[in-house]
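Some notes on the structure that comes next.
A quick note: this is a predicted structure, and the numbers were derived from the prediction, not measured.
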Amino acid sequence: MPDAIPVDSVGIVAPHIAQFETPLTLSCGQDLPAYQLVYETYGTLNSNASNAILICHALSGDHHAAGYHAMSDKKPGWWDSAIGPGKAIDTERFFVISLNNLGGCSGSTGPTSINPETGDIWGENFPIVTVQDWVESQARLADRLGIQTFAAIVGGSLGGMQVLEWSIRFPTRLKAAVIIASAPNLSTQNIAFNEVARQSIRRDPEFHDGRYLNEQSVPTNGLGLARMLGHITYLSDDAMGSKFGRQMRHDNYQYNYGIEFEVESYLRYQGEAFTKRFDANTYMLMTKALDYFDPAGETDGDLSAVLSRAQCEFLLVSFTTDWRFAPERSEEIVNALVKAGKHVSYAKIEAAEGHDAFLFPIPRYMTTLNSFLTRIGNRILKEAQ
């Protein structure tokens, strides 16, 4: 935490809790009888509720997207580089909402919550949720906040899939969709990565078939390995090479299985740190949501057909070294939108950071995002006059 809050920060923020008693019927066929969503807001909602932007988080994200919870925080929210006064997502112009999705482990109802029907921790019995379920719950939160139409909905990676689903499911409830480093569905390779991650968790002896919290244990080895695997896919080879190369802890090989290369130390640290803040059942659930997402599945693989329902403007952003969601995957969406006759802008950003580039304040990326949202904001203001 800096000695003083930066002038372009949203400052000290506090989460809110929205409790819902109306059952939510999930894609899996189960009903969630009651649930809560934790969210944060930045900026001020205008008189006609037309300046709201919804931020959809990626796999391991949550509601804390910007600012600080306390002066003692070591770092701000996960997208603080983009959200704040004068930033790409300008909180002097927009009212920004970020929430922790259902199934999360940061306060929204999920596997670590209490099942009201049993009085026990949900654990492995928490139902599978999908991108469609998240979007439905987000729409209910918007209703609660009095927001009928979002100025824009923005998300990267898994968040971008939620934005795409919004444009299809609730086409009249958003003016603009910003889809960053995402894809219309997972490739076979990405599904395979997710399965290896889940098996790493499931085969940990401390997993106990998902009942680890009842057993007062945590599958730290499995969850840590899953995170290490995922982290490798989020970085580019160039980024890892420039950061670590073949740097070693010692002058000579030690001829053992301890840490010798700096990249080994980094990955172990990332895995261990992740186990202290994230839940294993949540990780498994969210990777399944990634696997299942395929909106063109209902139109026999014709993405343009399902996107014909959309009524908003689109901005697609990809990054040159992102091999998890390569630029070609964004271009699939762009081409389908063009075929469907929709208004779409596209930027492929030169970046060395790989998939994680969507979290970095890369100048051309931030300028592109700011320019697009400024135009949307100006149009909304003009329409209100």
(request) Carefully, step by step, assess T368 and M366 under the rule side-chain contact (heavy atoms from CB on, under 4.5 Å). (result) CA-CA 5 Å; T368 299; M366 289 293 117; over 6 Å; no

Would you say the side-chain atoms of [X] and [Y] include a donor-acceptor pair closer than 3.5 Å?
X: N221; Y: R203; value: no
X: E40; Y: H64; value: yes
X: N190; Y: R324; value: yes
X: T130; Y: D133; value: yes
X: S50; Y: N46; value: yes
X: D62; Y: N100; value: no

Give a yes or no on whether a salt bridge exists between [X] and [Y], defined as a side-chain N under 4.0 angstrom from a carboxylate O.
X: R375; Y: E313; answer: yes
X: R211; Y: E206; answer: no
X: E353; Y: K243; answer: no
X: E136; Y: R169; answer: yes

Listed partners of [X] passing salt bridge (Lys or Arg N to Asp or Glu O under 4.0 Å), at least two apart:
X: R173; result: D143
X: E195; result: R198
X: E298; result: R309

As an exercise, state the distance from [atom1] of [X] to [atom2] of [Y], rounded to the nearest 0.5 Å.
X: D80; Y: L359; atom1: CG; atom2: CG; value: 12.0 Å
X: N335; Y: L307; atom1: CG; atom2: CG; value: 11.5 Å
X: T374; Y: R379; atom1: OG1; atom2: CZ; value: 13.0 Å
X: Q311; Y: I168; atom1: CD; atom2: CD1; value: 12.5 Å
X: I53; Y: S98; atom1: CD1; atom2: OG; value: 12.0 Å
X: I153; Y: C56; atom1: CD1; atom2: SG; value: 6.0 Å

(request) Under the side chain to side chain donor-acceptor pair (under 3.5 Å) rule, collect the residues that match up with Y253, sequence neighbours excluded. (result)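 With neighbours one apart ignored, the set is R246.
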
(request) Show your working on side-chain contact (heavy atoms from CB on, under 4.5 Å) between L373 and D90 and close with a plain yes or no. (result) CA-CA 9 Å; L373 292 176; D90 190 353; over 6 Å; no

Do other residues, nucleotides or ligands put more than 12 heavy atoms under 6.0 Å from [X] [atom1]?
X: Q19; atom1: CD; answer: yes
X: R202; atom1: CZ; answer: no
X: K175; atom1: NZ; answer: no
X: F261; atom1: CZ; answer: yes
X: D31; atom1: CG; answer: yes

(request) Kindly indicate, with the supporting measurements, whether the criterion ring-ring contact (aromatic ring centres under 6.0 Å, His included) is fulfilled by H355 and F319. (result) CA-CA 7 Å; H355 184 59; F319 300 94; 8.5 Å; no

(message) I'd like to check E332 versus L337 (side-chain heavy atoms, cut-off strictly below 4.5 Å). Are they in contact?
(response) no

(request) Quick one: which residue pairs count as a salt bridge (charged side-chain N to carboxylate O under 4.0 Å, His left out) with a foot in residues 104-126, not counting sequence neighbours? (result)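 Sorted pair list comes back empty.
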
Which label fits [X] and [Y]: parallel for a plane angle under 30°, tilted from 30 to 60°, or perpendicular past 60°?
X: F207; Y: Y212; result: tilted
X: W134; Y: H57; result: tilted
X: F193; Y: W323; result: perpendicular
X: H231; Y: Y266; result: tilted

Report the residues that fulfil ring-ring contact (aromatic ring centres under 6.0 Å, His included) with [X], sequence neighbours left out, ordered by chain and then residue number.
X: H16; value: Y39
X: H63; value: none
X: H208; value: none

(request) Say whether Y234 and I191 are linked into one hydrophobic cluster, either directly or through other cluster members, by side-chain heavy-atom distances under 4.5 angstrom. (result) yes

(request) Give the C-alpha distance, both sets of side-chain angles, the deciding distance and a yes or no for ring-ring contact (aromatic ring centres under 6.0 Å, His included) between Y283 and F274. (result) CA-CA 11 Å; Y283 195 89; F274 190 68; 5.7 Å; yes

Side chain to side chain contact (heavy atoms under 4.5 Å, CB included) partners for [X], two or more places apart:
X: P111; value: F126, D279, N281, T282, L285
X: S182; value: M161, I179
X: K348; value: S318, T320, P327, E331, Y346
X: A58; value: S157, F358

(request) Determine the sole option in I362, T321, I180, D322 for which the side chain to side chain contact (heavy atoms under 4.5 Å, CB included) test with I349 is passed. (result) I362

(request) Determine, step by step, whether L369 and I89 satisfy the side-chain contact (heavy atoms from CB on, under 4.5 Å) criterion, reporting the C-alpha distance in whole Å, the side-chain angles of both residues, the deciding distance to 0.1 Å, and the verdict. (result) CA-CA 8 Å; L369 183 57; I89 303 173; 4.1 Å; yes

(message) Walk me through whether S304 and D302 qualify under side-chain hydrogen bond (donor to acceptor under 3.5 Å, both in side chains).
(response) CA-CA 6 Å; S304 65; D302 188 345; 2.6 Å; yes

(request) Report the C-alpha separation of V131 and L290 in whole Å, then their side-chain angles, then the decisive distance to 0.1 Å, and conclude whether the side-chain contact (heavy atoms from CB on, under 4.5 Å) test is met. (result) CA-CA 8 Å; V131 169; L290 270 166; over 6 Å; no

